[in-house]
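Here's the structure, in structure tokens; my notes come after.
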2 protein chains.
Amino acid sequence: MDNVSQEDYLTAIYRNLDEAGEIKPNLLASKLEISNAAVTDMLRKLSRDGFVDYQKYKGIKLTGEGELYAKNMLRRHRIWEVFLHQTLGMPWDKVHDEAEKLEHSSSDEIINLLEEFLEYPEVDPHGYPIPDKNGKIKKSKTVVAITELNENDTAKVIRVNDDVKNLLSYVTKIGISLGKEIIVKDKLEYDGSVLMMIDRKEVNISNKIASNIFVEKIK
Amino acid sequence: MDNVSQEDYLTAIYRNLDEAGEIKPNLLASKLEISNAAVTDMLRKLSRDGFVDYQKYKGIKLTGEGELYAKNMLRRHRIWEVFLHQTLGMPWDKVHDEAEKLEHSSSDEIINLLEEFLEYPEVDPHGYPIPDKNGKIKKSKTVVAITELNENDTAKVIRVNDDVKNLLSYVTKIGISLGKEIIVKDKLEYDGSVLMMIDRKEVNISNKIASNIFVEKIK
DNA sequence: TTATATATTTAAGTTCGCTTAAATTTATAA
DNA sequence: TTATAAATTTAAGCGAACTTAAATATATAA
């Protein structure tokens, strides 16, 4: 393919598929920060090239080829992130944007060599699994968003959504990192916000933020 | 700038300046493998943006800013090459093309971290010096092209032009690598080709190839 | 069910970096 | 010096990926 734009569309589609494996043009447009009209345009091309199943006014699906492509981009992205964080020491809230650029400029050969150099990491610095050469994604632990926890639940942070602007730097500020233990103290009915203990300090986070932090329940 | 095309123009200009510090549109077009008309077009933009001194029908010069920019791209390029070769083990005849893509997708921050990780290499895998953060290029040994050698001269290979298609893989085949010792046996007046000893074997190379291999005379 | 809001597509237009063809300028050689 | 060749620029046009505005289809709520 070798087309930055199309690669970005496929990745964005894959990242945002709903439970039915579909995504609406509208959502895609907002994720890519472009107009709906541009999306319609590109969908025709992606459809013509066999990467998406697309019919006017219907939800967008990926074809097998499209999904493979998207997973390969995700693989590139996450392997770069590991390299930037682990080898170069770049903070986890900066690697996403850098990897976003690198992923389009690296052959599979580089990626495979990098993977070997990094000793086959299983997850990226935000806890997301890295697809293998064949697009296979190892089933990871079952995680739930913090919003799913109940009062007095104790849990360990496994994954934080890196695709939401500024979320990571905010989350870092309030003391959250991978592996950190949290205890839910209270859940506010009113706005869905969650009061938790982190490092013996009380922290309140909004529902929206809580829904992007994934944890493993302890006991 | 953040514009792949303009970055490529500046790098190509810098790489191919003549003794007077100029380059002709025609040569630039052929290096970039595009039409002369496209070059004229882009020169106007680069001139408008203050990267080149350009007047119709005259040779092209870089401004101070343009030169800095070009050297920074060269820095990125060469640091990536060192990483690919030294850390990932990619052969020296493949790193150029890969670095060509990566150089446009990496912030200065990544490059600086990489440089540190690589322990401040002075040359790339083909023997070219790496400009520092400020664009300063360390003066390296005085080298001459093999074409400048005389019969019975012994010399050590210091640098091979990585910007010529397929040159490196050819040169590798005939046993040349950095640091290798060569002895000039004969120079053919007729076509300028050079007969040399490499690893106790006689090898004849054309004038064109000899002019792209740079050596340090021994005694 | 119908009115209205929202999502999607179509139409027309823009910028970028290219192309080919024609016009013009500069270089070269008889 | 002048004819011719080569280099350069101008002109017109193209495809890609976007935009805004208008048209149309779908979803939602009274």
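Order of the sequence lines sets the chain letters (A, B, ...), proteins ahead of strands, with each chain counted from 1.
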message: By the 4.0 Å heavy-atom rule, please label B/Ser5 as base, sugar-phosphate, or nothing.
response: sugar-phosphate
- prompt: Would one find a side-chain N or O of A/Thr40 under 4.0 angstrom from OP1 or OP2 of C/dT8?
  reply: no
Residue whose closest nucleotide on DNA chain C lies nearer the 5' end, A/Val39 versus B/Ile34: A/Val39
Between the first and last five pairs of the helix from C/dT1-D/dA30 to C/dA30-D/dT1, the angle of the axes, rounded to 10 degrees: 0°
task: Check the distance between D/dT26's P and A/Lys56's NZ and give it to me in whole angstrom.
output: 10 Å
Any B/Tyr9 side-chain nitrogen or oxygen under 4.0 Å from OP1 or OP2 of C/dC16: no
- prompt: Counting distance only, does the side-chain N/O of A/His96 pair as donor-acceptor with the main-chain N or O of A/Asp163 below 3.5 Å?
  reply: no
- prompt: Expressed in angstrom and rounded to an integer, what is the separation of B/Arg48 atom CZ from C/dT15 atom P?
  reply: 11 Å
- line: Within residues 22-30 of chain B, those residues having any heavy atom closer than 4.0 Å to DNA chain D are B/Lys24, B/Pro25, B/Asn26
task: Indicate the atoms forming the closest heavy-atom contact of B/Ser105 with A/Leu102, along with that distance.
output: O-CD2, 3.6 Å
- prompt: Are A/Arg44 and C/dT9 close enough that a side-chain N or O sits under 4.0 Å from OP1 or OP2?
  reply: no
message: Measure OH/A/Tyr54 against C1'/C/dA7 and give the value in whole Å, please.
response: 11 Å
task: Using the closest heavy atom to pick a nucleotide of DNA chain C for each, name whichever of A/Tyr57 or B/Gln6 lands nearer the 5' end.
output: A/Tyr57
- prompt: At under 4.0 Å, does any side-chain N or O of A/Asn36 touch on OP1 or OP2 of C/dT10?
  reply: no
- prompt: B/Glu33 has an atom CD; how far is it from atom C1' of C/dG17, in whole Å?
  reply: 16 Å
- prompt: If you draw the axis of the six-membered ring of B/Tyr128, does the NZ or CZ of B/Arg159 fall within 45° of it and under 6.0 Å from the ring centre?
  reply: yes
field: Main-chain N/O of A/Pro129 paired to A/Arg78 side chain as donor or acceptor, under 3.5 Å
entry: yes
field: Backbone N/O of B/Ser193 and side chain of B/Asp191: donor-acceptor pair under 3.5 Å
entry: yes
message: Does B/Asp41 reach a base, just sugar-phosphate, or nothing at all? Heavy atoms under 4.0 Å.
response: base
query: Taking the six-membered ring for Trp, are A/Phe83 and B/Phe83 parallel (under 30°), tilted (30 to 60°) or perpendicular (over 60°)?
result: tilted
field: Side chain to side chain, A/Ile209 and A/Ile174, heavy atoms closer than 4.5 Å
entry: no
- request: Return yes when atom OH of B/Tyr120 has more than 12 non-hydrogen atoms of other residues, nucleotides or ligands closer than 6.0 Å, and no otherwise.
  value: yes
statement: By nearest-nucleotide position on DNA chain D, the 5'-leaning member of A/Ala37 and A/Lys58 is A/Ala37
task: Determine the sole option in A/Ile60, A/Ile34, A/Asn36 for which the side chain to side chain contact (heavy atoms under 4.5 Å, CB included) test with A/Leu28 is passed.
output: A/Ile60
query: Between atom CD in B/Glu7 and atom C1' in C/dC16, what is the gap in whole Å?
result: 15 Å
